[in-house]
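Each remark here refers to the structure printed beneath this line.
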2 protein chains.
Amino acid sequence: MAAKNVRARVRDVPGPCARWGDDDADFIREVLDLVGDKWSVLIIGTLADGPARYSELAAAIPGVSQRMLTLTLKHLQRYGLLARTAYPEVPPRVEYRLTVLGRSLLSTVLALAEWSADNHAEVRRNQEAFDGATAVD
Amino acid sequence: MAAKNVRARVRDVPGPCARWGDDDADFIREVLDLVGDKWSVLIIGTLADGPARYSELAAAIPGVSQRMLTLTLKHLQRYGLLARTAYPEVPPRVEYRLTVLGRSLLSTVLALAEWSADNHAEVRRNQEAFDGATAVD
DNA sequence: CCGGATCCAGTGGGATACTG
DNA sequence: CAGTATCCCACTGGATCCGG
């Protein structure tokens, strides 16, 4: 597959305009579909250190509704980032854990989180400067 | 700032449930607000190799509407990832380029794109397997 | 305990037409 | 050329109730 080295391709383009192939755009969409929503990253991060039950996830992630937790879990499971194991006991118990694929995404996603932690102060300053500038003039 | 090492914190937690601080959740939101939408990453990637004009961006990014291009550009500019330079000529010319901050995000974001390029085949297989399984039984 | 079903408000984002 | 303004629809995501 030609898109293995997106970075190299983009930087090699000589002209002023690095045209995206539709493939590349699709890849971006794909990854955004995985982690671009409100809760996926939180769930993946929570599962980083080991399996967790549904109610543990609900407790660990502040503000998530049952609906969105269920939905996002299913979403991640569908893409193979999460494995779901239901134990047919009474009361029922369900465990979620990261797959190998999920763990590989974890490191990348945490890199993003670290970037945000490193730079959020500057981002806020920029916001305020921008808003102030547009408001003044 | 305490959240510099999100990864370390998450992995160090001994229990089954790594509770997110609200701070961490906020950081995630912040970064998703930056790159979680449909066009930001494409724009950042297009600007990777140098400045580009509005119309060049429009041409380079297939499927983007004027509205969304303008909106996303302003969004990225507000956060300080992009710089906008308008030349008061006739006809008007406007150039967008990545700031240092934007370039620092670029590498992280391209890592995501590479992950997606590497794993999208497996992701698709998982999707189909999942859909098939749920459809069968 | 887990999560499906339903209802509903807010918003993301496309198409189109217009302006400086 | 480089946007802005408006309409509109589909989807996201929260609250709540219900079922296994």
Side-chain angles (χ1 to χ4, degrees), chain A residues 16-17 22 25-26 28-30 32-43 46-47 51-79 82-97 130 134 137, chain B residues 16-17 25-26 28-29 32-43 46-47 51-79 82-97 130 133-135 137:
Chain A
C17 154
D22 290 355
D26 280 348
I28 304 289
R29 295 286 144 64
E30 211 172 85
L32 287 182
D33 202 35
L34 284 173
V35 302
D37 62 284
K38 205 172 175 185
W39 304 108
S40 294
V41 177
L42 282 312
I43 291 178
T46 304
L47 253 27
R53 304 181 52 173
Y54 182 89
S55 47
E56 288 172 340
L57 288 170
I61 300 172
V64 69
S65 64
Q66 290 190 346
R67 172 189 150 87
M68 287 318 296
L69 183 54
T70 301
L71 238 58
T72 311
L73 285 171
K74 214 182 276 183
H75 187 224
L76 294 174
Q77 187 193 354
R78 186 171 116 96
Y79 283 96
L82 240 60
R84 188 190 117 115
T85 316
Y87 300 90
E89 310 167 347
V90 205
R93 185 164 59 96
V94 182
E95 270 195 358
Y96 295 91
R97 59 187 213 81
F130 183 87
T134 51
D137 192 359
Chain B
C17 153
D26 280 350
I28 303 288
R29 296 286 145 65
L32 287 182
D33 202 36
L34 283 171
V35 301
D37 62 284
K38 205 173 175 184
W39 305 107
S40 294
V41 177
L42 283 310
I43 292 178
T46 304
L47 254 27
R53 304 179 54 170
Y54 182 90
S55 48
E56 287 171 341
L57 289 170
I61 300 171
V64 69
S65 63
Q66 289 191 342
R67 172 190 148 88
M68 287 319 296
L69 183 54
T70 302
L71 239 57
T72 311
L73 284 170
K74 218 181 273 183
H75 187 224
L76 293 174
Q77 188 194 354
R78 185 171 117 97
Y79 283 96
L82 240 60
R84 190 191 113 115
T85 316
Y87 300 90
E89 312 168 345
V90 206
R93 185 165 59 94
V94 181
E95 271 194 357
Y96 294 90
R97 59 188 217 80
F130 183 86
T134 51
D137 191 359

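Only a predicted model underlies this, so the values are computations on that prediction, with no experimental measurement involved. Chain letters run A, B, ... following the sequence lines, proteins first, then strands; residues in each count from 1.
For E95(A) and dC1(C), the CD to P distance is 15 Å, given to the nearest whole Å. Here the C1' atom of nucleotide dG3(D) and the OH atom of Y87(B) are 18 Å apart, to the nearest Å. The nearest whole Å value for the distance from the CE atom in M68(A) to the C1' atom in dT11(C) is 14 Å. Rounded to whole angstrom, the span from the CZ atom of R29(B) across to the P atom of dG13(D) amounts to 10 Å. Atom NZ of K38(A) is separated from atom P of dG10(C) by 14 Å (rounded to the nearest Å). Look at CG on L82(B): it is 15 Å from P on dA2(D), rounded to the nearest Å. In this structure, CG of D33(A) is placed 12 Å from P of dG13(C), rounded to the nearest angstrom. E89(A) places its CD atom 16 Å from the C1' atom of dG20(D), with the value rounded to the nearest Å.
Distances shorter than 4.0 Å separate some side-chain N or O of S55(B) from OP1 or OP2 on dA2(D). Remark: R53(B) is in phosphate contact with dA2(D), judged by side-chain N or O atoms under 4.0 Å from OP1 or OP2.
Residue contacts shown for Y96(A) are limited to sugar-phosphate atoms, with no base heavy atom under 4.0 Å away.
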Using a cut-off of under 3.5 Å, enumerate the N/O to N/O pairs linking the protein to nucleotides 4-7 of chain C.
residue : atom : partner : partner atom : Å
dG4(C)  : OP2  : K74(A)  : NZ           : 2.9
dT6(C)  : O4   : R67(A)  : NH1          : 3.4

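The side-chain contact (heavy atoms from CB on, under 4.5 Å) test applied to R93(B) returns R53(B), Y87(B), E89(B), E95(B), not counting sequence neighbours.
Taking 4.5 Å as the limit, some side-chain heavy atom of L73(B) sits within range of a side-chain heavy atom of L57(B). Counting heavy atoms from C-beta outward, I61(B) and T46(B) have side chains that approach closer than 4.5 Å. Here the side chains of F130(A) and K74(B) are in contact, with some heavy-atom distance below 4.5 Å.
When the nearest nucleotides of DNA chain D are assigned to P92(A) and V64(A) by heavy-atom distance, the more 5′-ward of the two goes with V64(A). If you find the closest nucleotide of DNA chain D to G63(A) and to L73(B), the one lying nearer the 5' end belongs to L73(B).
The CG atom of D37(B) sits 7.0 Å away from atom CG of L76(B), with the distance rounded to the nearest 0.5 Å.
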